[in-house]
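Input: a single structure, listed below in structure tokens.
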Amino acid sequence: QVQLVESGGGLVQAGGSLRLSCAASGSIVSLSIMGWYRQAPGKQRDLVAIVTSGNSTNYADSVKGRFTISRDNAKNSVYLQMNSLKPEDTAVYYCNAGVRSSILDTRYRGYWGQGTQVTVSS
């Protein structure tokens with residue numbers, strides 16, 4: 001079994017910063033793409049940023065230049081540095097990772113964390 005645990009959410013004023021962390025644990029041989037998604041009340045879950053195992057990154061247009069995603073493969077972790085936060089960034093942020101759990105099976109399975117609330121006040 002694999003668990004993803006997020007941390008670092010909270011309440012911040014507009015213009016402030018937060019750093020989200022997500023650590024994967026359990027039966028892990030390797031990780032492929034890791035990413036952050038967010039879901040505001042009444043809206044669908046949307047991609048925020050992803051990072052590949054080779055450290056290529058991709059961002060939603062709404063966060064480009066403000067958010068930075070990074071990963072530490074030795075710690076099976078992914079991070080999201082969020083600067084210049086806006087009220088519209090308010091959402092539950094979810095971590096996602098592609099996990100290979102067996103050396104006998106080359107397939108990757110996607111896992112989600114439980115989510116962490118980010119609230120930006122105006």
Item to check | Pairwise side-chain contact, Ser122 with Pro87, heavy-atom cut-off 4.5 Å (strictly under) | outcome: yes
Next on the checklist: Could you measure the distance from the CH2 atom of Trp36 to the CD1 atom of Ile69? Nearest 0.5 Å is fine.
Outcome noted: 8.0 Å
Next on the checklist: Once rounded to the nearest 0.5 Å, what's the spacing between atom OG of Ser101 and atom CZ of Arg109?
Outcome noted: 8.0 Å
Next on the checklist: Could you go through Thr90 and Glu88, starting from their C-alpha distance and side-chain angles, then the distance that decides it, and tell me whether this counts as side-chain hydrogen bond (donor to acceptor under 3.5 Å, both in side chains)?
Outcome noted: CA-CA 5 Å; Thr90 295; Glu88 50 264 43; over 6 Å; no
Checklist entry - Please walk me through it: do Ser21 and Ser7 pass side chain to side chain contact (heavy atoms under 4.5 Å, CB included)? => result CA-CA 5 Å; Ser21 299; Ser7 61; 3.7 Å; yes
Next on the checklist: If hydrophobic clusters are built by linking Ile, Leu, Val, Met, Phe, Trp and Tyr wherever their side-chain heavy atoms come under 4.5 Å apart, do Val63 and Tyr79 end up in the same one?
Outcome noted: no
Next on the checklist: What I'd like to find out is whether the side chain of Thr57 reaches to under 4.5 Å of the side chain of Phe67, using heavy atoms alone.
Outcome noted: no
Next on the checklist: So, taking the atom named CD in Gln1 and the one named CD1 in Ile28, what distance separates them when rounded to the nearest 0.5 Å?
Outcome noted: 11.0 Å
Checklist entry - Quick one: CD1 on Ile33 to CD1 on Ile50, what's the gap to the nearest 0.5 Å? => result 5.0 Å
Checklist entry - With a 4.5 Å limit on heavy-atom distance, are the side chains of Val118 and Leu20 in contact? => result yes
Checklist entry - Does a donor on one side chain sit under 3.5 Å from an acceptor on the other, for Ser77 and Asp72? => result no
Checklist entry - Do you know the tightest heavy-atom contact between Arg71 and Asn55? => result CG-OD1, 3.4 Å
Checklist entry - What distance separates Gln39 CD from Tyr93 OH, expressed to the nearest 0.5 Å? => result 12.0 Å
Checklist entry - Looking at Gly8 and Leu18, what are the two nearest heavy atoms and their distance? => result O-CD2, 3.8 Å
Checklist outcome for this item: For Arg100 and Asp105, the nearest pair of non-hydrogen atoms, with its separation, is NE-O, 3.0 Å
Checklist entry - Parallel, tilted or perpendicular for Tyr94 and Trp112, by the 30°/60° rule? => result perpendicular
Checklist entry - Given the rule that I, L, V, M, F, W and Y join up when any side-chain heavy atoms are under 4.5 Å apart, are Val99 and Tyr37 in one cluster? => result no
Checklist outcome for this item: Taking every heavy atom of Val78 against every heavy atom of Cys95, the minimum-distance pair comes out as CG1-SG, 3.7 Å
Checklist entry - With a 4.5 Å heavy-atom cut-off, do Asn73 and Leu31 have their side chains touching? => result no
Checklist outcome for this item: residues 12-41 vs salt bridge (Lys or Arg N to Asp or Glu O under 4.0 Å), sequence neighbours excluded, gives Arg38-Asp89
Checklist entry - What are the two closest heavy atoms between Ser30 and Tyr108, and how far apart are they? => result OG-OH, 2.7 Å
Next on the checklist: Less than 4.5 Å apart, side chain to side chain, heavy atoms only: is that true for Thr116 and Val92?
Outcome noted: no
Checklist entry - Ala49 and Leu80: which non-hydrogen atoms are nearest, and at how many Å? => result CB-CD1, 4.3 Å
Checklist entry - If you measure from CE on Met34 to SG on Cys22, what distance do you get to the nearest 0.5 Å? => result 5.5 Å
Checklist entry - Considering only heavy atoms from C-beta outward, does the side chain of Glu6 approach that of Leu4 to under 4.5 Å? => result no
Next on the checklist: According to ring-ring contact (aromatic ring centres under 6.0 Å, His included), who are the partners of Tyr59, at least two apart in sequence or on a separate chain?
Outcome noted: none
